[in-house]
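Note that the structure is a prediction, hence the values are computed from the model and not measured. Keep in mind that the numbers below use all heavy atoms, side chains included, and drop hydrogens, waters and symmetry copies. Start at 1 and go down the list; that is how both ligands and their atoms are numbered.
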Amino acid sequence: MNGQITAGELINPEKCYLSAAVDMEAAENFIQQAMDMIIQEAVKKGTNVKEKVCEWRSPEQLKELLDLELKDTGESESKILQCCKDAIRYSVKTSHPRFFNQLFAGMEPHSMVASFITEAIKTSLYTYEVAPVFTLMEDVVLRTMIELIGWEDGGDGLFNPGGSMSNMYAVNLARYSYCPDFKENGIYSSSRLVMLTSQEAHYSISKAAALLGLGTKNVYVVPSDYRGKMIPSALEEKIQLAKSEGAVPFFVNVTAGTTVFGAFDPIEEIADICEKHNLWLHVDACWGGGALMSKKHKHLLNGIQRVNSVAWNLHKMLMATLQCSAFLVRDKT
Ligand code: PLP
């Protein structure tokens with residue numbers, strides 16, 4: 001048809017236009033060179049204590065140093081490799097031993113190779129058909145995490161793009177459990193719902209209130225003690241306050257490993273209060289969940305088997321590559 005390739009011809013294996021577009025030998029060569037460079041610059045230098053965490057430059061300087069303009073013409077492979085090298089050079093190496101900003105410092109080679117594999121085969125999480133191996137793998141990992149949490153009747157879970165998302169899922173499920181009509185009727189069918197969390201909690205809890213339409217003013221902040229742990233009697237007071245205002249408290253977030261202090265809220269005592277008032281108890285164990293793997297430190301999360309849901313980031317204390325974030329829920333329905 002007018003000398004053009006039809007869609008049918010494009011995917012016809014006999015004609016193989018799509019794969020012909022990639023010269024496999026050249027591709028392999030390029031990938032090999034890139035991998036050597038990545039190991040040298042990102043892995044070896046990026047984790048070497050004698051190297052810098054980052055060669056810091058201002059935005060103006062960086063724009064001068066890097067060739068960031070998109071062009072209509074292509075570039076040679078040597079130029080592309082140089083650009084990749086520069087991208088690594090001027091980036092913050094978060095696996096460097098002296099990187100102390102976010103909570104995910106440290107390189108874990110096996111996890112990194114696993115990430116390379118998922119990138120190389122461009123896998124997807126949708127269904128068993130498209131990701132048979134990873135679907136089974138996910139199931140085993142989630143089941144093991146559920147065992148570590150100690151939910152004797154099991155539970156369910158999924159991996160998602162970060163701990164903030166896990167915390168939001170928890171609020172959404174708790175709200176659904178309290179007001180099943182919410183899904184169809186929206187905010188118009190419910191009373192004023194109140195969430196409770198400590199002053200040290202991660203900001204994703206109030207972000208969830210904003211995104212889910214509950215409103216940040218309906219997040220009641222419970223004071224913490226001098227070590228950053230939620231004070232259970234103060235939680236009880238805030239619940240009473242919400243009830244006296246005619247509002248409906250429905251969700252309590254405890255943090256196992258607060259972002260700034262690394263404090264662990266007392267789960268057992270808070271679970272008693274939640275049971276008494278019939279509140280959904282969620283634990284944000286994004287950072288501190290890793291302590292469940294330690295015989296010495298797991299007592300910090302005593303009582304976690306009593307909570308309704310857990311957010312646990314394996315990319316933080318357990319050093320998986322970003323993002324590896326699980327949301328787990330006790331109610332399998
Ligand atoms: N919860 C806690 C306690 C955190 O420290 C963090 C991030 O540092 C999060 C939640 C958010 O996790 P993410 O960055 O994966 O969204």
Side-chain angles (χ1 to χ4, degrees), residues 91-92 94-96 99-108 111-112 114-115 118 125 138 141-142 145 148-149 157-174 195-212 214 216 219 221-225 227-231 235 251-267 270 280-294 297-298 300-304 307-329:
S91 289
V92 177
T94 67
S95 293
H96 192 282
F99 175 81
F100 296 114
N101 193 356
Q102 277 76 26
L103 306 175
F104 45 72
M107 199 267 296
E108 207 298 306
S111 174
M112 188 160 58
S115 286
T118 57
L125 293 172
E138 180 182 41
V141 175
L142 290 173
M145 294 173 87
L148 286 162
I149 289 168
L158 80 169
F159 283 94
N160 67 63
S164 303
M165 196 60 84
S166 297
N167 287 339
M168 191 168 78
Y169 285 162
V171 179
N172 191 48
L173 277 188
M195 299 162 50
L196 300 110
T197 193
S198 88
Q199 67 187 53
E200 298 301 331
H202 190 260
Y203 63 83
S204 55
I205 296 294
S206 50
K207 193 157 92 176
L211 285 170
L212 293 171
L214 293 165
T216 51
V219 180
V221 177
V222 181
S224 302
D225 66 16
R227 291 171 67 192
K229 293 163 181 266
M230 184 193 277
I231 303 170
L235 171 66
F251 174 91
V252 173
N253 170 66
V254 295
T255 312
T258 59
T259 314
V260 178
F261 284 128
F264 287 74
D265 289 339
I267 302 177
I270 293 168
W280 182 287
L281 178 55
H282 170 69
V283 53
D284 175 354
C286 280
W287 177 64
L292 286 172
M293 315 280 288
S294 153
H297 298 293
K298 68 178 177 195
L300 292 166
L301 293 110
N302 276 354
I304 191 168
V307 312
N308 299 90
S309 54
V310 176
W312 184 354
N313 278 4
L314 306 183
H315 65 247
K316 292 194 192 294
M317 208 188 285
L318 296 182
M319 294 169 73
T321 46
L322 293 173
Q323 295 268 7
C324 187
S325 183
F327 173 65
L328 302 135
V329 62

- Task: Examine distances only and state if a side-chain atom of Thr255 and a backbone atom of Thr258 form a donor-acceptor pair shorter than 3.5 Å.
- Result: no
- Task: Please step through side chain to side chain contact (heavy atoms under 4.5 Å, CB included) for the pair Ser198 and Asp265, ending with a clear verdict.
- Result: CA-CA 9 Å; Ser198 88; Asp265 289 339; 4.3 Å; yes
- side chain to side chain contact (heavy atoms under 4.5 Å, CB included) against Asn313, all qualifying residues, sequence neighbours excluded: Cys286, His315, Lys316, Ser325
- Task: Identify the residue among Val283, Leu148, Leu292, Leu281 that makes a side-chain contact (heavy atoms from CB on, under 4.5 Å) with Val310.
- Result: Val283
- Audit row: Asp284, Asn167, side chain to side chain donor-acceptor pair (under 3.5 Å) steps and yes/no: CA-CA 7 Å; Asp284 175 354; Asn167 287 339; 3.1 Å; yes
- Phe104 and Phe99 aromatic ring geometry - parallel, tilted or perpendicular at 30°/60° bounds: parallel
Can you list every pair where an N/O of ligand 1 is under 3.5 Å from an N/O on the protein?
from: ligand 1; atom 1: 1 (N); to: Asp284; atom 2: OD1; distance (Å): 3.1
from: ligand 1; atom 1: 1 (N); to: Asp284; atom 2: OD2; distance (Å): 2.7
from: ligand 1; atom 1: 5 (O); to: Thr259; atom 2: OG1; distance (Å): 2.9
from: ligand 1; atom 1: 8 (O); to: Lys316; atom 2: NZ; distance (Å): 2.9
from: ligand 1; atom 1: 12 (O); to: Asn313; atom 2: ND2; distance (Å): 3.3
from: ligand 1; atom 1: 15 (O); to: Gly163; atom 2: N; distance (Å): 2.8
from: ligand 1; atom 1: 15 (O); to: Asn313; atom 2: ND2; distance (Å): 2.9
from: ligand 1; atom 1: 16 (O); to: Gly163; atom 2: N; distance (Å): 3.2
from: ligand 1; atom 1: 16 (O); to: Ser164; atom 2: N; distance (Å): 2.9
from: ligand 1; atom 1: 16 (O); to: Ser164; atom 2: OG; distance (Å): 2.8

